[in-house]
Amino acid sequence: MRARARAARPPPHLAPASPPCDRNPFKFRHVQTLKSPSHFIQDYSGPCVIMATPSGLQSGGSRDFFEAWCEDARNACIICDFAVQGTLAKEILGGPSAITTREGRRVPLRITVHNISFSAHADFDQTSGFLDAVRPPHVVLVHGEYGEMRKLAKALKDGAKAAGLVREVYTPVLQQTVA
């Protein structure tokens with residue numbers, strides 16, 4: 001999020017932020033998509049939070065941002081995924097004093113590096129709470145042991161019914177089409 005006032009129009013390297021939405025958890029008022037990381041790195045100065053992939057910092061936007069900002073002690077990098085051996089993410093978690101850029105230059109590592117455990121898994125209370133807030137009419141469960149998914153589907157469907165909501169919950173098997 002920016003610390004300074006916004007201009008009437010967003011800078012050209014930023015796509016417009018999504019308009020406010022009451023129920024869609026994937027529309028963010030204060031999040032903007034970058035059209036080009038290189039323009040942002042060159043043109044922007046000020047506080048911000050960047051969420052970039054891939055998490056191993058091997059290539060792409062995450063590597064571009066990291067290499068541009070790793071020499072400045074005012075910056076921080078948070079690794080929130082498993083850091084695979086042989087990746088830059090794994091290397092910086094070891095606390096080296098310098099890293100090698102993609103171009104082969106050795107640069108000092110002054111950025112603060114943190115690691116947090118972040119799991120994309122949710123328990124029943126988290127899943128049902130999320131669905132109660134979003135109220136989707138269709139839910140597709142695609143990960144987990146089939147018998148447990150069926151139990152979860154029944155509980156989610158029963159919970160929606162008790163709340164007066166219409167909700168179909170699907171538990172397709174591998175490669176089954178949901179229509």
Side-chain angles (χ1 to χ4, degrees), residues 1-3 6 10 14-35 37 40 47-66 69 75-95 111-179:
M1 196 179 300
R2 295 184 180 192
R6 292 181 182 240
L14 292 175
S18 300
C21 183
D22 292 340
R23 305 200 84 61
N24 188 337
F26 302 106
K27 298 240 179 176
F28 304 102
R29 274 185 26 185
H30 302 289
V31 175
Q32 297 175 328
T33 303
L34 293 176
K35 291 181 180 177
F40 185 84
C48 64
V49 174
I50 303 290
M51 293 181 279
T53 59
S55 61
L57 302 173
Q58 290 302 98
S59 61
S62 65
R63 183 66 177 246
D64 294 340
F65 288 116
F66 185 82
W69 294 337
N75 296 322
C77 176
I78 301 172
I79 306 295
C80 55
D81 195 3
F82 179 75
V84 177
Q85 192 66 39
T87 63
L88 179 59
K90 184 70 168 181
E91 179 184 345
I92 65 171
L93 286 172
I111 194 169
T112 304
V113 179
H114 304 277
N115 185 18
I116 61 170
S117 177
F118 178 80
S119 174
H121 293 88
D123 64 16
F124 175 78
D125 291 336
Q126 293 166 325
T127 301
S128 61
F130 176 77
L131 294 175
D132 290 346
V134 178
R135 299 182 180 185
H138 302 278
V139 175
V140 182
L141 302 177
V142 295
H143 180 72
E145 192 270 311
Y146 189 71
E148 294 301 312
M149 281 195 330
R150 297 288 302 159
K151 289 180 197 174
L152 176 58
K154 181 177 179 347
L156 293 174
K157 204 169 185 176
D158 291 349
K161 186 177 180 180
L165 301 173
V166 175
R167 179 179 297 149
E168 286 297 321
V169 183
Y170 308 93
T171 57
V173 294
L174 189 60
Q175 297 185 343
Q176 178 183 355
T177 300
V178 177

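Small disclaimer: the values here were computed from a predicted structure and weren't measured.
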- Task: Output all residues satisfying side-chain hydrogen bond (donor to acceptor under 3.5 Å, both in side chains) with Ser55, sequence neighbours left out; order by chain, then residue number.
- Result: Asp81

- Query: Looking at side-chain heavy atoms only, is the closest gap between Ile116 and Cys80 below 4.5 Å?
  - Reply: yes

- Query: Between Pro172 and Leu141, which heavy-atom pair has the shortest distance, and what is it?
  - Reply: CD-O, 3.5 Å

- Task: Output the distance between atom CD1 (Ile78) and atom OG1 (Thr112), rounded to the nearest 0.5 Å.
- Result: 10.0 Å

- Message: What's the separation between atom CD1 in Ile50 and atom CG in Asn75, rounded to the nearest 0.5 Å?
- Response: 10.0 Å

- Note on the structure: Residue set satisfying side chain to side chain contact (heavy atoms under 4.5 Å, CB included) with Ser59, at least two apart, ordered chain then number -> Pro54

- Task: Considering non-hydrogen atoms only, spot the tightest contact between His114 and Ala76 and give its length.
- Result: CD2-CB, 4.3 Å

- Task: Not counting sequence neighbours, which residues clear side chain to side chain contact (heavy atoms under 4.5 Å, CB included) with Lys161? List them please.
- Result: none

- Task: Applying side chain to side chain contact (heavy atoms under 4.5 Å, CB included), name anything that partners Ile92, two or more places apart in sequence or on another chain.
- Result: Leu57, Phe66, Cys77, Ile79, Leu88, Ile99, Leu109, Val113

- Note on the structure: side-chain hydrogen bond (donor to acceptor under 3.5 Å, both in side chains) pairs touching residues 162-179, sequence neighbours excluded, are His138-Tyr170, Arg150-Thr171, Lys157-Glu168

- Can you name the side-chain hydrogen bond (donor to acceptor under 3.5 Å, both in side chains) partners of Asp158, sequence neighbours left out? Lys154

- Message: Restricting to non-hydrogen atoms, name the atom on Lys90 and the atom on Val84 that form the minimum distance, rounded to 0.1 Å.
- Response: CB-O, 3.3 Å

Let me check something: any side-chain donor-acceptor pairs from residues 122-130 under 3.5 Å, sequence neighbours excluded? List them with distances.
residue, atom, partner, partner atom, Å
Asp123, OD1, Asp125, N, 3.2
Asp123, OD1, Gln126, N, 2.8
Gln126, OE1, Asp123, N, 2.8
Thr127, OG1, Asp123, O, 3.0
Ser128, OG, Phe124, O, 2.9
Ser128, OG, Asp125, O, 3.4

- Message: Please list all pairs meeting salt bridge (charged side-chain N to carboxylate O under 4.0 Å, His left out) that have one or both residues in residues 137-148, counting only residues at least two apart or in different chains.
- Response: Glu148-Lys151

- With sequence neighbours excluded, what pairs up with Phe65 under the ring pair (Phe, Tyr, Trp, His ring centres under 6.0 Å) test? Trp69

